[in-house]
Each structure stands twice: as structure tokens, then as C-alpha cells.
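Just so we're on the same page: letters track the sequence lines, and every chain starts at 1.
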Amino acid sequence: MSDLTPVVLYALLGFMILGSIVAVEIADLLSAVIAMGAVGFGLSLVYLFLGAPDLALTQVVVEILILVFLIRLVVQRKDTTEQHPPGALLVGGIMLVMGVVLTIMVMAFSDMHPFGSPLFSRTAAAPTIAFDYLREAVAQTGATNIVTAILLDFRAYDTLGEATVIFASIVGAYAVLRRVGRISKGGTE
Amino acid sequence: MSSGAIPFALSMVVLLIGLYAIIAKANVVKIIIGILITDYAVNLFLVLLGYRHGGRAPIVTKADLDTSGGVSMGFVNTSVDPVPQALILTSIVIGLAVAAMMVALALRLHDKYGTFDITRIRRLKG
Amino acid sequence: MTPHSPRGGSGMTIIVKSTTRIVTAFIMLFGTTIVLYGHVTPGGGFAGGVIIAAAFALIVLAFGKTLAGRFVTGTTASVWDSAAATAFLFVGVLGYLGGCFFWNFLRPPQSGRFTLFKLYSAGSILLSNTAIGMKVGMGLLGVFLALSVFRPRREEGEGHE
């Protein structure tokens with residue numbers, strides 16, 4: 001886990017960038033969905049190299065279900081989108097704005113702690129919250145997976161809120177997919 | 001640009017590509033893909049912030065316990081930051097639930113208007 | 001749902017069905033292990049719940065939704081989803097036994113009652129993990145079933161757009 005060379009990380013990030021460009025620009029919708037799946041699996045590999053096996057596991061499974069949902073959406077549906085390219089002025093404007101944004105971001109990143117030495121200091125003299133979690137989690141919760149200890153013990157209230165968000169969006173999907181809607185009953189309106 | 005900022009910048013490039021899809025594309029499926037790619041990029045950025053060189057996963061093994069039953073300082077000083085990971089773990093699953101809801105909305109749109117093209121959907125409305 | 005049988009019913013070929021019959025039990029066992037041992041090894045309720053939902057989705061895809069609908073329907077999944085969400089909240093409220101919300105009421109700190117690296121080592125985290133796993137798994141399964149049952153109105157002959 002400790003031999004993450006920058007080359008591997010850059011290669012995986014380059015793969016993600018390439019995959020997302022393909023996913024955005026390719027005309028066929030099924031190919032776009034599959035390219036997005038490639039981005040997700042690449043992301044899962046990045047998580048694995050970044051020392052986050054929980055996230056890698058979750059990302060792989062979630063990516064599979066997202067692919068099933070999206071393929072369910074695009075397969076056997078006629079795509080009648082007009083293939084007119086957006087105007088050159090629009091694309092140029094968007095590119096310009098994004099270039100400016102990226103430049104500002106890079107300037108901001110240069111002032112932050114560099115990659116590999118996190119913002120959160122871990123000295124006993126000036127302990128941060130991450131330091132305390134790492135040191136106290138096993139004694140206080142008994143969970144040896146520190147991520148789970150934070151998720152379900154120290155910050156369980158956050159998790160309750162996030163479970164509520166998941167519940168809300170699932171109920172929203174039910175509401176959208178209801179068979180009998182107000183529209184079909186009322187005729188035109 | 002110092003080399004310490006390159007991974008952050010690359011993840012932000014992914015985010016901007018997703019943002020471009022949301023702004024410039026006329027297809028509902030492409031917009032969904034753009035939102036999901038933006039989601040991935042933000043998750044990746046936050047996990048990148050917590051990484052340390054030579055860091056190991058924040059999972060305690062038997063070798064990391066000292067004699068008094070606590071965690072040894074060697075583990076604390078080499079582990080990556082667990083806090084962003086704990087927050088991103090729920091964010092990934094929220095992304096899946098939101099994707100399911102967006103797919104449901106797109107199915108309804110295609111059902112009603114017979115197309116994925118939002119410019120034509122706008123014209124057909126009313 | 002499947003491309004081969006737009007009207008549902010038969011599902012996929014016999015090869016896919018046989019493989020599914022063998023593999024699904026192991027996938028669900030794996031998902032359950034991931035949920036229950038989330039406090040020891042990587043994983044936890046979120047990952048394990050999605051794995052369980054994917055196993056059910058495999059059944060629905062392979063056997064068609066009419067046969068799979070005999071075992072689990074969208075309503076059942078929705079009920080289990082809500083019940084698990086309430087159970088998670090209940091675990092949090094039970095924390096008031098120790099004085100505050102989400103107190104780890106089964107395992108007072110510094111107690112030597114449980115040994116580490118075992119199933120019962122982390123007190124109420126096990127209960128929370130189970131509730132979260134069931135909530136995520138059943139919720140996503142319900143959405144998947146709703147998406148697969150959904151059929152455009154044009155096919156039903158009542159669309160008038």
C-alpha cells in the first residue's frame with residue numbers, strides 16, 4: 001500500500017480524464033454509459049492505491065448498479081437528439097471560463113499543503129480531530145476499522161442525516177415512477 | 001506549479017469535464033453522465049486531501065496494538081486520514097440513490113415526449 | 001426488463017439461470033459477511049447493502065420480473081427499507097441509556113467485556129451496520145424493481161401524446 005508512485009497515480013488519473021472526455025463527447029449513448037463505467041472503475045483503483053479499501057469496495061459495487069440503471073435507460077430507446085454541434089461561440093466561452101477557473105484553482109492549490117502531507121497535523125503537541133480518532137477509536141468503540149468507528153459511533157448523527165438523504169431520493173424515485181399519476185387522470189393538465 | 005498540486009489539479013480537470021457536459025450538452029443521458037462524473041471528481045478530491053506519502057489504510061491489525069491495549073503511535077503516524085473516507089463512503093451511496101432518481105426522471109421524460117433532447121422537450125412543452 | 005423478453009416472463013437462457021442459481025447464494029453470503037464484519041475489516045453497511053441489492057438484481061435480470069415478483073415485490077422492499085431506517089434511529093435513541101444520542105450503549109468505554117477482532121467487539125456498531133445494510137439494500141432493490149416494472153405508456157396503448 002505504501003509504494004504509491006506518482007506515476008501510477010498520474011496514469012490512473014489520466015485514464016479517468018480520457019474516459020470522461022470519451023463519455024461526454026461520443027455520440028452513441030450506450031458507448032457513453034460504458035465509458036462512464038470505465039471512469040468509475042478507474043476511480044475505484046485510485047481509492048485502493050490511496051489507502052481507502054472501504055471506498056474501493058463500495059465504488060465497485062455502486063458502479064455496477066449505476067451501469068445497470070443507465071443501460072436500462074438507454075437500451076432499446078430511440079435517441080432522436082439532433083446532432084447539431086453547439087455553437088462555436090458557446091463552446092469557446094465555456095472553455096475560456098473553465099480555463100480561468102482551473103487557473104485560479106491551481107493557484108489556490110499551490111498555497112495549500114502539498115499532496116501527500118495532509119492538512120491535518122498529527123502531532124501529540126497539537127492534536128487534531130483525525131489524530132484523536134486514530135488514537136482513541138479502538139479503546140472507545142472496539143471497532144478496529146477506524147472508518148466504521150467514525151461513521152457509526154463518533155459521527156453517527158451525520159450518518160443518520162445521510163441515510164435520510166438516501167431515503168428521500170429513493171422515495172422521490174418511487175414518486176416519479178408511480179403508475180397512476182395526476183397527469184394521466186386529468187387528461188390535458 | 002509545484003508538483004504537490006498536480007493530483008488536485010487533475011481531479012479538478014475531471015470535475016470541469018463533467019461540468020462542461022452539464023452545461024453544453026442537450027441530451028438528458030449526457031447530463032446525467034456529467035453529474036455523475038462531477039460527483040466522482042469531488043469525492044476523489046476530498047480523498048486525495050487526506051492521503052499521506054507512504055500512508056496505509058486506517059485499519060488496525062493485531063501488530064498495531066501496544067501492551068496496554070491502546071493503538072501504537074507508529075500506526076497513528078503512518079495512517080492516512082480516516083475522516084474524509086468516512087464522509088465520502090456515504091456520499092458514494094448517495095450518488096447511487098440520486099442516479100436512480102435521475103434515471104427515473106429521464107424514463108418519465110422519454111415516456112412523455114419520446115426524446116432525450118432537452119431543447120425539443122422545451123419546445124414541446126405547453 | 002431483459003432485451004430478450006420485453007414482456008417479462010421467461011427471463012434469460014438456461015445457462016444464465018443455472019449460473020445465477022449457483023452464484024446468488026454466495027453473493028448474498030458475501031454481502032452479509034461484509035455487513036456483519038464491517039467494524040473489523042473493510043466494508044460495512046453501505047457496501048454490503050449494495051452487494052445484497054445487486055444479488056437480488058441478478059435474480060430479477062436472470063429469471064424475469066414475474067417469477068422474481070413471487071419472492072419479493074416493490075412493496076415488501078419498501079416496507080423493509082422504512083423499517084430498517086426506523087431501526088437505525090431506534091439504535092440512536094437507545095443511546096440515551098448511556099446519556100446521549102448514539103451512545104455506544106452495549107460497550108461502555110474501557111471495558112474489557114469484549115475481545116477485539118470478534119463479531120461482538122464493537123457494541124452497537126454491529127446493530128447500526130445491520131440496520132444500514134438492510135436499509136440500503138432494500139431501498140435500492142425497491143428502486144430497481146420499480147424501474148424494471150415501469151413500462152412506457154405507449155406500449156400499454158393508452159398514450160395519447
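Side-chain atoms of B/Lys30 do not come within 3.5 Å of backbone N or O of A/Leu29 as any donor-acceptor pair. When atom types are taken as modelled, the side chain of B/Gln85 and the backbone of A/Gly51 share a donor-acceptor pair closer than 3.5 angstrom. Under the 3.5 Å distance criterion, the side-chain polar atoms of A/Arg135 are left unmatched by any main-chain donor or acceptor of B/Met73.
Atom CG in B/Asp39 sits 7.5 Å away from atom CD1 in A/Ile66 (nearest 0.5 Å). Remark: B/Leu49 CG to A/Met112 CE distance equals 5.0 Å, nearest 0.5 Å. Expressed to the nearest 0.5 Å, how far OG of A/Ser44 lies from OH of B/Tyr40 amounts to 10.5 Å. Here A/Ile166 contributes atom CD1 and B/Leu96 contributes atom CG; the two are 8.5 Å apart, rounded to the nearest 0.5 Å. Atom CE of residue B/Met101 and atom CG of residue A/Leu177 lie 10.0 Å apart, to the nearest 0.5 angstrom. In this structure, B/Ile33 CD1 and A/Met36 CE are separated by 6.0 Å, a value rounded to the nearest 0.5 Å.
Across B/Ile17, B/Thr61, B/Asn43, B/Val14, the residue that shares the most heavy-atom pairs under 4.5 angstrom with chain A is B/Ile17. Ranking B/Val98, B/Leu105, B/Leu48 against chain A, the residue ahead of the rest is B/Leu48, based on heavy-atom pairs under 4.5 Å. Top candidate by heavy-atom pairs under 4.5 Å with chain A, chosen from B/Pro58, B/Ser11, B/Ala21, is B/Pro58. Between chain B and the options A/Leu73, A/Ile170, A/Ile21, A/Leu151, heavy-atom pairs under 4.5 Å are most frequent for A/Leu73. Ranked by heavy-atom pairs under 4.5 Å with chain B, the list A/Thr148, A/Ile146, A/Val39, A/Thr159 is led by A/Ile146. In terms of non-hydrogen atom pairs under 4.5 Å with chain A, the most contact-rich of B/Ile23, B/Ile118, B/Ile59 is B/Ile59. Counting heavy-atom pairs closer than 4.5 Å to chain A, the top residue among B/Val47, B/Ile32, B/Leu15 is B/Val47. Contact tally against chain B (heavy-atom pairs below 4.5 Å) for A/Tyr10, A/Phe154, A/Tyr133, A/Phe167: the top residue is A/Tyr10.
Heavy-atom distances place both the backbone and the side chain of A/Phe69 under 4.5 Å from chain B. Both the backbone and the side chain of A/Val24 come within less than 4.5 Å of a heavy atom in chain B. Proximity to chain B is limited to the side chain of A/Asp158, based on heavy atoms less than 4.5 angstrom apart. Both the backbone and the side chain of B/Leu19 come within contact range of chain A, each with at least one heavy atom under 4.5 Å from a heavy atom of that chain. Contact of A/Val97 with chain B is not made at all, since no heavy-atom distance falls under 4.5 Å. When heavy atoms are compared at a cutoff of 4.5 Å, A/Met105 approaches chain B solely by way of its side chain, counted from C-beta outward. Only the side chain of B/Ile37 comes within less than 4.5 Å of a heavy atom of chain A; its backbone N, CA, C and O stay farther away. Residue contact with chain B, scored on non-hydrogen atoms closer than 4.5 Å, involves the backbone and the side chain of A/Ile17 alike. Residue A/Ile94 touches chain B through its side chain alone, counting heavy-atom pairs closer than 4.5 Å. In this structure, chain A has no heavy atom under 4.5 Å from any part of B/Asp64. Proximity to chain A is limited to the side chain of B/Leu36, based on heavy atoms less than 4.5 angstrom apart. With a threshold of 4.5 angstrom between heavy atoms, A/Tyr47 approaches chain B through side-chain atoms but not through N, CA, C or O. At a 4.5 Å heavy-atom cutoff, the contact between A/Val165 and chain B is made by side-chain atoms alone. Heavy-atom distances place the side chain of B/Val29, and not its backbone, under 4.5 Å from chain A.
Below 30°, between 30° and 60°, or above 60°: for A/Phe115 and B/Phe8 the angle between ring planes is above 60°, a perpendicular geometry.
Counting heavy atoms from C-beta outward, B/Leu44 and A/Leu13 have side chains that approach closer than 4.5 Å. Side chains of A/Leu9 and B/Pro7 form a contact here, defined as non-hydrogen atoms less than 4.5 Å apart.
Shown here for A/Ser110 and B/Ala5, the closest heavy-atom pair between the two residues is N-CB, 4.4 Å. Closest of all the heavy-atom pairs between A/Ile150 and B/Ala86 is CG2-CB, 3.7 Å. Across all their heavy atoms, B/Ala9 and A/Leu102 have their closest contact at O-CD1, 4.2 Å. The two residues A/Glu162 and B/Leu87 come nearest to each other via the heavy atoms OE2-O, 4.5 Å.
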Test side-chain contact (heavy atoms from CB on, under 4.5 Å) on A/Phe109 and B/Ile6; report intermediate values, then the result. CA-CA 9 Å; A/Phe109 292 151; B/Ile6 292 175; over 6 Å; no
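With salt bridges taken as basic N to acidic carboxylate O contacts below 4.0 Å, one links B/Lys25 and A/Glu25.
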